[in-house]
Protein chains: 2
Amino acid sequence: MQGLPGDPDHAFAAGEGDLVAGVSPKTVSNVLTGAAGVRQQTRAKVESAMVELDFVPNLSARGLRNGRSGVIGFALPDVGTAFSASITHAMLEVAHERGVMIQIEETAAEPEREYDLVSRARTHQVDGLILNPVRLEDSVVERLDHLPPPVVLIGEVEQHRTDRVFVNSRAAGRLSAEHMIDQGARRVAVLGGGLAGSEDRKATMGQRLQGYIDGVTRRGLPAPDELQVEVIEWTIEGGAAGMRELLRREVAFDAVIAFTDSIAMGALYALHEAGVRVPEDVLVSGFDDVQHAAYTWPPLTTVRFDHHHYVREAMDLLAERIADRSIGPRAVEIPHALTARRSSDAWPAGYVPPSGR
Amino acid sequence: MQGLPGDPDHAFAAGEGDLVAGVSPKTVSNVLTGAAGVRQQTRAKVESAMVELDFVPNLSARGLRNGRSGVIGFALPDVGTAFSASITHAMLEVAHERGVMIQIEETAAEPEREYDLVSRARTHQVDGLILNPVRLEDSVVERLDHLPPPVVLIGEVEQHRTDRVFVNSRAAGRLSAEHMIDQGARRVAVLGGGLAGSEDRKATMGQRLQGYIDGVTRRGLPAPDELQVEVIEWTIEGGAAGMRELLRREVAFDAVIAFTDSIAMGALYALHEAGVRVPEDVLVSGFDDVQHAAYTWPPLTTVRFDHHHYVREAMDLLAERIADRSIGPRAVEIPHALTARRSSDAWPAGYVPPSGR
DNA sequence: CTGAAAGCGCTTACAG
DNA sequence: CTGAAAGCGCTTACAG
């Protein structure tokens, strides 16, 4: 006797369930999978037996047989971050609609962990993986050669061997910069990663930075290094630290574009702390339109895109990839838009923000 | 040929792996499970064969055989909430340390979904479930009779049939109320659920409310209904709406205890919006010490407890429960403490907040 | 339309 | 210390 005691209903399709219903396992299976060709009466008999025995199918067995578990993996650097939490929430809602289960894993932004997750996807009983990588060049996707599992990348990775869903972060960065300038800013600073000197220009942050440079340049303004602050941790703490660093430099600036909303919230805090007013002295914006963004003080201007849409596309791509591994890799762009809130309100005509800022 | 093409390494322990290594499946298994009694030389042979074939064990098969999947389910109302995101992050870190995988599910605070998750735990290939229920009286735990899977509850549920981990919310509520009063407040309002008239006094919110009443009463102050606002959604939006409702009542209050940090952040926003200053006019506090709490403006006084500790205890209880279903249910209390920040700074001696507030 | 049988990849009694 | 065999619960060719 190997099964758990009190757990006889495990053996339904090939066990006592068919005895109760008086049909073959094949018929039970037909009922379960909804296959055609089961008489109404037979179906009813099987279903009542299932209820009577409180039958629940054993997905491990089904998974073993089918090579599918019905579970997909979702990997990101840190669920605790506001943006990640929002995306994860959207993912779970969509997954629930579709009846798929989600196994979550964190990579802590470590390429090694990204690599492990992909190479162990099979082991982890997931049919595929939706991965939000952070750094490309040393990341797993570069090493995906040996029998990669179905993988969909989320994010602005310049990568053409894998399906991916992305927002055009370069265009979004430009949009932010132009918005700040149109609101009256002349010295626009940025808080983010992927700055000059860093290796990962191709990734999200690099694109946002490039877009920023595009934007200020198109408006005929400079984008000097002194206005660019590297933020290591894309968290509120990281943003606050980055903002303090910028203030310490004692260079003039009248707007700050933070490359995530969390960074922007940290920046807002550090500005408050320093007695710098937003938007009177400095305009601030973020990226992602996290839930909290509309409730900071002042409310935060940000680049928004539909998180559910983002996730839905990723799950579609993954489902298609699981069904057919031979199709060529595809990339789906999710539209974005700037949501202007009070943190970037234009100054009254003729108003000049206090010097030194 | 049923296996995926190019996937021959699945059949290792009882397949070609043992041929390559020239040993029996039993020996391979001994190596895999780290059992004693395998000669060093043999072990090395097996391990090199595993590397050569790029072997990864098939957990579905192992799960089918063992009745264990190595996956545990984690269910909560909404991962998008700051507190949930933080707990989830802690959960994933602890799970990673321990080599267990986490399947996340949302209940949307619907008792039906809580019930479904528990009753389908087996189906979902999880060895057990850590559940953060929201409403007890119509919740699943009341119906847990028929072969419940191993379940650990997280939260202040008054429930003695299931293992659980909790914070003493009643004591924490009292602590908050006493703190406010000690800081000079006399008319302390609350923003939360579980208020008089609601059915779920037993749950978290009800305990926090009861603690608040304990606290103001012990200090000889009243806790009138007019100072208690029901907040349906425990989100920032919900908190802002609740605060606006309180302002609309036009009753005097000089402190607000919000029953979660998210609610407190919404309250802070609505107070700003109304031009009410914190802490000069009104003191504010929250619960949970979410990441953002130290970075609101002003920084938020809150009740903190160690999220990793919380999660670790829950996973310990679950592991023990999975190993032995016969032990009696246990409850573990996680210590808490009040973290005072600027949002509840005492008024200067003799200062009287503007009337009407 | 339905039945009997094999097999997915593991692990563990049970013999040697 | 090691080998041969059975079985976990499902599903799907393959026959009837």
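What you are looking at is a predicted structure, and each value in this text was computed from that prediction instead of being measured. As a basis for the values below, the full set of heavy atoms in this structure was taken, side chains included, without hydrogen atoms, waters or symmetry mates. Below, read A as the first sequence line, B as the second, and so on, with proteins coming before strands; counting in each chain starts at 1.
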> Would you say the side chain of B:L117 lies within less than 4.5 Å of the side chain of B:Y115, judging by non-hydrogen atoms?
Replying inline: no
>> Within the structure provided, determine whether A:I104 and A:T88 are in side-chain contact (heavy-atom separation under 4.5 Å).
In response: yes
Can you measure [X] atom [atom1] to [N] atom [atom2] for me and round it to whole angstrom units?
X	N	atom1	atom2	answer
A:R62	C:dC10	CZ	P	21 Å
A:R68	C:dC8	CZ	C1'	14 Å
A:N66	D:dT11	CG	C1'	7 Å
A:L64	C:dG7	CG	C1'	9 Å
A:R65	D:dC10	CZ	C1'	8 Å

> When the ring centroid of B:F305 is compared with that of B:H307, is the distance short of 6.0 Å?
Replying inline: yes
> Are B:D127 and B:R68 close enough for a salt bridge, meaning some N to O gap below 4.0 Å?
Replying inline: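 Salt bridge flag = no for B:R68 with B:D127.
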> Given pairs defined as Watson-Crick or G-U wobble with both distances under 3.5 Å, what dot-bracket annotation applies to DNA chain C, with ( ) intrastrand, [ ] crossing, | other strand and . unpaired?
Replying inline: |||.||||||||.|||
> Do you know which of B:V311, B:V100, B:I102 makes side chain to side chain contact (heavy atoms under 4.5 Å, CB included) with B:V94?
Replying inline: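 Passing option: B:V311.
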> Who are the salt bridge (Lys or Arg N to Asp or Glu O under 4.0 Å) partners of B:R98, not counting sequence neighbours?
Replying inline: B:D316
